[in-house]
**Student:** 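Below is one structure. I have some questions about it.
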Amino acid sequence: MANESDPDAGSLEGMPGPVLFYNDVVLDHFLNPRNVGELSAMEADGYGLVGDPLCGDQMKLWIAVREGRIARIAFKSFGCPGAIATSSMLTALAEGKTITEARNITDDDVVAALGGIPEKKKHCSLLGVRALQAAIDDWERRRHASAEPR
Amino acid sequence: MANESDPDAGSLEGMPGPVLFYNDVVLDHFLNPRNVGELSAMEADGYGLVGDPLCGDQMKLWIAVREGRIARIAFKSFGCPGAIATSSMLTALAEGKTITEARNITDDDVVAALGGIPEKKKHCSLLGVRALQAAIDDWERRRHASAEPR
Amino acid sequence: MIYLDHNATTPLHPRALAAMEPFLRECWGNPSSPYRFGSEARAAVELARARIAGAIGSEPAEILFCASGTEADNLAVRGVACALRSCGKHLVTSAIEHQAVWNTCRALEAEGHRVTYLPVSPDGVVDLEALEASLGAETVLVTIMHASNETGVVQPVEEIAAIARRRGILFHTDAVQTAGKLPVQLAALGADLVSFSGHKLYGPKGVAALYVRAGTPLVPVMTGGTQERGLRAGTENVAAIVGFAEAAAVAFAEAAAEGRRLAALRDRFEAEVVAAVAGVRISGARAPRVPNTSSLSFAGADGESIVLGLDLAGICVSTGSACSTGDAAPSHVLLAMGLSAHEAQGSIRVSLGRDTRQADIDATVRALAETVARLRHISSVRGETG
Amino acid sequence: MIYLDHNATTPLHPRALAAMEPFLRECWGNPSSPYRFGSEARAAVELARARIAGAIGSEPAEILFCASGTEADNLAVRGVACALRSCGKHLVTSAIEHQAVWNTCRALEAEGHRVTYLPVSPDGVVDLEALEASLGAETVLVTIMHASNETGVVQPVEEIAAIARRRGILFHTDAVQTAGKLPVQLAALGADLVSFSGHKLYGPKGVAALYVRAGTPLVPVMTGGTQERGLRAGTENVAAIVGFAEAAAVAFAEAAAEGRRLAALRDRFEAEVVAAVAGVRISGARAPRVPNTSSLSFAGADGESIVLGLDLAGICVSTGSACSTGDAAPSHVLLAMGLSAHEAQGSIRVSLGRDTRQADIDATVRALAETVARLRHISSVRGETG
Ligand SMILES: Cc1ncc(COP(=O)(O)O)c(C=O)c1O
Ligand SMILES: Cc1ncc(COP(=O)(O)O)c(C=O)c1O
């Protein structure tokens, strides 16, 4: 059983660290996430799907690559506010970046760009980073498979 | 070690019975105990000394007997308020009684005459009753010893 | 703010606070002190005990005060298990208990006890046949909650009590979520031990009670002075005890009428949600429930995100599960009722209370419909799009 | 009323009550709740933790809140003993501990631990040679109080800490009677665990803290939710925690000056008593003591009778022993210091506090002289008749 399954009984594992309270940037990305949506099979050059085995969160991410840069990016995310906000911020960071730059985006970058996130939500940002890497992997696989770089 | 040895940590064994709070009769006998004192060897016909092995209380009691009645009675008592008040009341009850009547005084009589006493102080009243009986025993012993009843 | 999380905690009733004030200001003596100023505090504690006893139909001597529902549960479960260690080391509980009971059972397992965790039906009701089957010569205690804090589902504790009694086995019920909500005499349920907590019935935090039927074997969890007949050491929290008694008196007196009012509001809330949002599942809806609680699962939306969405709209509800510490898993209660992990993850708990009005319900349904729609739009998991 | 029993409990400081009020009225959320209204309560708890940590010189993460000094002692002693059960089962404590430690040790003995109860000198100081001699490969914890609640005698905890540390043995000290009285940083004493309680330093009843040095192995006594990092389950008593922090801040800030004031008053009190009454013995007078405490024995008079006599004169003091339950025995602390049973029975404890003034002292000495004279007149046991 999960100790966390009942909010009655409290869950501040990170105590006495920061309280579970999101800053305005995080709240903005939660309420108005950037790049929500899907790219059609026609549009997408890479696709990543990752799940967080820890908490059941899930993220799908699509990229369209033009001239080695991420021209378009879209995501759908099932998960907690941390998952949604970090997913959104990740796509905002990745958009327009070169593949190499995009690959180098870390979960810390995402958290920093959001101006911080509660300690116990930090793992959420891994989801987006891993989804992006999965999509880039997919893009590379497809590139080698088609043998003809677009 | 005694659980009771530190008032910090509480001691209301009889909880949730009556609180440790003495009624006005008890307080009066505590503040103005009747028959406090000693009878001299000349005056006394009987003497009793008893200690309460439970709590270290001690009582000395003297009687002077005239025509089968307790003509004078005096006590000294080392002990808690319950011990002092019950000792005092016992002597008040015994004074003027016949030896037989005096022998029949029970601890319940003493408590009743005081209008009640906190539950955990009830054992105190045994001290007086036992001291009186010891004094009567002493009187009887002396009577038989002298072989000539006074 | 619309507060719909009364199963987590409740505001302090003004009458309870008023009852507490003298003990925070003037009558601050230690109830165990041997002078009149202490006796005044003692008298207040004993009066509170008598009032609580009156409210639940027990003798005053059968009420022990402690500092939380959790402590009451610990004292009941650990206290009986340790008192009867030489008689047997088997405990029976359910898959849906609060952590205060569950983790205490787990701790006892680590110390050599054996524990059976009974399954529940899809409606969240403990399986009585499984209970009968679990009991053995080694069984010393059955502990099953009166109602679930997550779903509000009321367990058949009278029947459980009868089953345990027939076998001569002690029975504890955690009534933290029913005390003051159901118009029943807790001491008449047939349980040997019953826990309930102040802050769940408009009393102060930091105080709770355990009803212990006269003669029930029990050893203290908190050792020290002889307060509470040696069964719970520590200077009594006089003000909190007095406030608890006042709040309990009000809650028990109003339980029947307030229960009817809340059940009507809750039922209407659920009907409105079902009408406004597709893909809703209400857990335990067909079972008897405490009148104020609703456990809702929304396919394709995460409970914590719903909670935040509502929070931003000024509405307080809680999750049925929480993805919060990294080791979080979906609600064990909902999983035990057969929900999938995703369903459980999409759950929230709405629990009404004394200040809840129809307008609060309506506003909540509107905000909920909006939030769920927004989250489903973002979601990578198929939900209903209604 | 002249209240001279501050070691039993203290009045709530008006600033502490003022700090609590918002949490009794408006900010009543559950600190573990996942919305902002809960976070406000959480923030208050964490601010209180940081303030307490600041006051005792620790990290906030090293402070655990619980419901009483007794619980803090239980958590420290039982928590370490159980956490280190596989390393060894020997504990060392003293003959003068508070029941919260003593009875916990006794309970652990019943569960298979071995406990050494160190003797004290006639002045009430734990014997360090006996301590050294008692430590073995099996010893997992030394628990010795910082100062006695009965005599006020301060123990050489820094030296004890050093001795324990050299051997790699954990050390707990019960600082319930020194916190806010001695101008020392509790976390700098060298102990691994330190208990202190709200209501002994002008904070509310029902709250206490345990300092646990980072890295100290500990298992919870109260099992359930994950509050207090899983080391103390149960909904936090927010208002009490906030009031405790406020009171502690004041008490620690004023400890040095107030200590000087009280020591002067206490010393004068003792000099006056000795001048006015023959046959007085002051326990621990030659040892270092907390500044507010005086333990007096009057030959030939019973402590409880003295207490009642003073109570009737409007003065609150407590007994050093109590003949109250039928199984009562004289104070184990005074007996351990070599007093006879009769001397111990004739003892009272006078403990001054923030409101105590010279006039209170003078009135108390007068009432004491009268009461003792009266009781000696009644007494069957030889006292001084002066
Ligand atoms: C069913 C149940 N049992 C026990 C508890 C624990 O109560 P407390 O928070 O007062 O420790 C709660 C609430 O958290 C509860 O809902
Ligand atoms: C030295 C000492 N330790 C522990 C305690 C227990 O504290 P509490 O009454 O807060 O449980 C007390 C006071 O009773 C004490 O004086």
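To find a chain, count down the sequence lines: A is the first, B the second, and so on, and within it residues start at 1.
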**Student:** Show your working on side-chain contact (heavy atoms from CB on, under 4.5 Å) between C:R106 and D:T223 and close with a plain yes or no.
**Tutor:** CA-CA 9 Å; C:R106 296 294 286 263; D:T223 45; over 6 Å; no
**Student:** Which bit of C:E236 is near chain D, if near means a heavy-atom gap under 4.5 Å: side chain, backbone, both or neither?
**Tutor:**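 It is the backbone, since no side chain atom gets that close.
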**Student:** Determine the option with the most heavy-atom pairs under 4.5 angstrom with chain D, choosing from C:S197, C:A67, C:A100.
**Tutor:**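 Looking at each of C:S197, C:A67, C:A100 in turn, C:A100 comes out on top.
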**Student:** What distance separates C:T235 OG1 from D:K200 NZ, expressed to the nearest 0.5 Å?
**Tutor:**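 Taking OG1 in C:T235 and NZ in D:K200, the distance rounds to 5.0 Å.
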**Student:** Which bit of D:V307 comes within less than 4.5 Å of chain C, counting heavy atoms only: side chain, backbone, both or neither?
**Tutor:**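 Just its side chain gets close to chain C.
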**Student:** Against chain C, label D:L24 side chain, backbone, both or neither, depending on which of its atoms sit under 4.5 Å from a heavy atom there.
**Tutor:**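 Both parts, heavy atoms under 4.5 Å.
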**Student:** Looking at every non-hydrogen atom in both residues, tell me the closest pair between C:A8 and D:N30 and how far apart they are.
**Tutor:**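 That would be O-ND2, 3.3 Å.
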**Student:** With rounding to the nearest 0.5 angstrom, report the CZ to CG distance, D:F37 to C:D5.
**Tutor:**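 Separation between the atoms: 10.0 Å.
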**Student:** Under 4.5 Å, counting heavy-atom pairs only, tell me which of C:T104, C:V101, C:V219, C:V238 racks up the most with chain D.
**Tutor:**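 Winner by heavy-atom pair count: C:T104.
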**Student:** Which atoms of D:V317 come close to chain C, meaning under 4.5 Å heavy atom to heavy atom: side chain ones, backbone ones, both, or neither?
**Tutor:**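 Backbone only.
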**Student:** Is D:T10 close to chain C through its backbone or its side chain, or both, or neither, when contacts mean heavy atoms under 4.5 Å?
**Tutor:**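 For D:T10, the backbone is the part near chain C, not the side chain.
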**Student:** Can you tell me if C:K205 uses its side chain to pair, donor with acceptor, with the backbone of D:W28 under 3.5 Å?
**Tutor:**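 Checking the backbone N and O of D:W28 against the side chain of C:K205, a donor-acceptor pair under 3.5 Å is found.
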**Student:** Might you point out which heavy atoms bring D:R36 and C:L312 nearest each other, and give the distance in Å?
**Tutor:**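 Heavy atoms only, the tightest pair is NH2-CA, 3.6 Å.
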**Student:** Give the intermediate values and the outcome of side-chain contact (heavy atoms from CB on, under 4.5 Å) for residues C:T70 and D:M222.
**Tutor:** CA-CA 7 Å; C:T70 298; D:M222 207 58 71; 4.0 Å; yes
**Student:** Rounded to the nearest 0.5 Å, what separates atom OG in C:S68 from atom CZ in D:R232?
**Tutor:**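 C:S68 atom OG to D:R232 atom CZ measures 5.0 Å (nearest 0.5 Å).
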**Student:** Kindly compute the distance separating CG (D:D311) from OG (C:S33), expressed to the nearest 0.5 Å.
**Tutor:**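 Reported to 0.5 Å precision, the distance equals 10.0 Å.
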**Student:** With only heavy atoms counted, which part of D:Y3 is less than 4.5 Å from chain C, the side chain, the backbone, both or neither?
**Tutor:**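 Only the side chain of D:Y3 comes within 4.5 Å of chain C.
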**Student:** Relative to chain C, which segment of D:A233 carries a heavy atom at a distance below 4.5 Å: side chain, backbone, both, or neither?
**Tutor:**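 Both parts, heavy atoms under 4.5 Å.
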**Student:** Flag the one option from D:A16, D:A239, D:G29 with the top tally of heavy-atom pairs under 4.5 Å to chain C.
**Tutor:**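 The answer is D:G29.
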**Student:** Of the backbone (N, CA, C, O) and the side chain (C-beta and beyond), which part of D:P11 lies under 4.5 Å from a heavy atom of chain C, both, or neither?
**Tutor:**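 Contact with chain C involves both backbone and side-chain atoms of D:P11.
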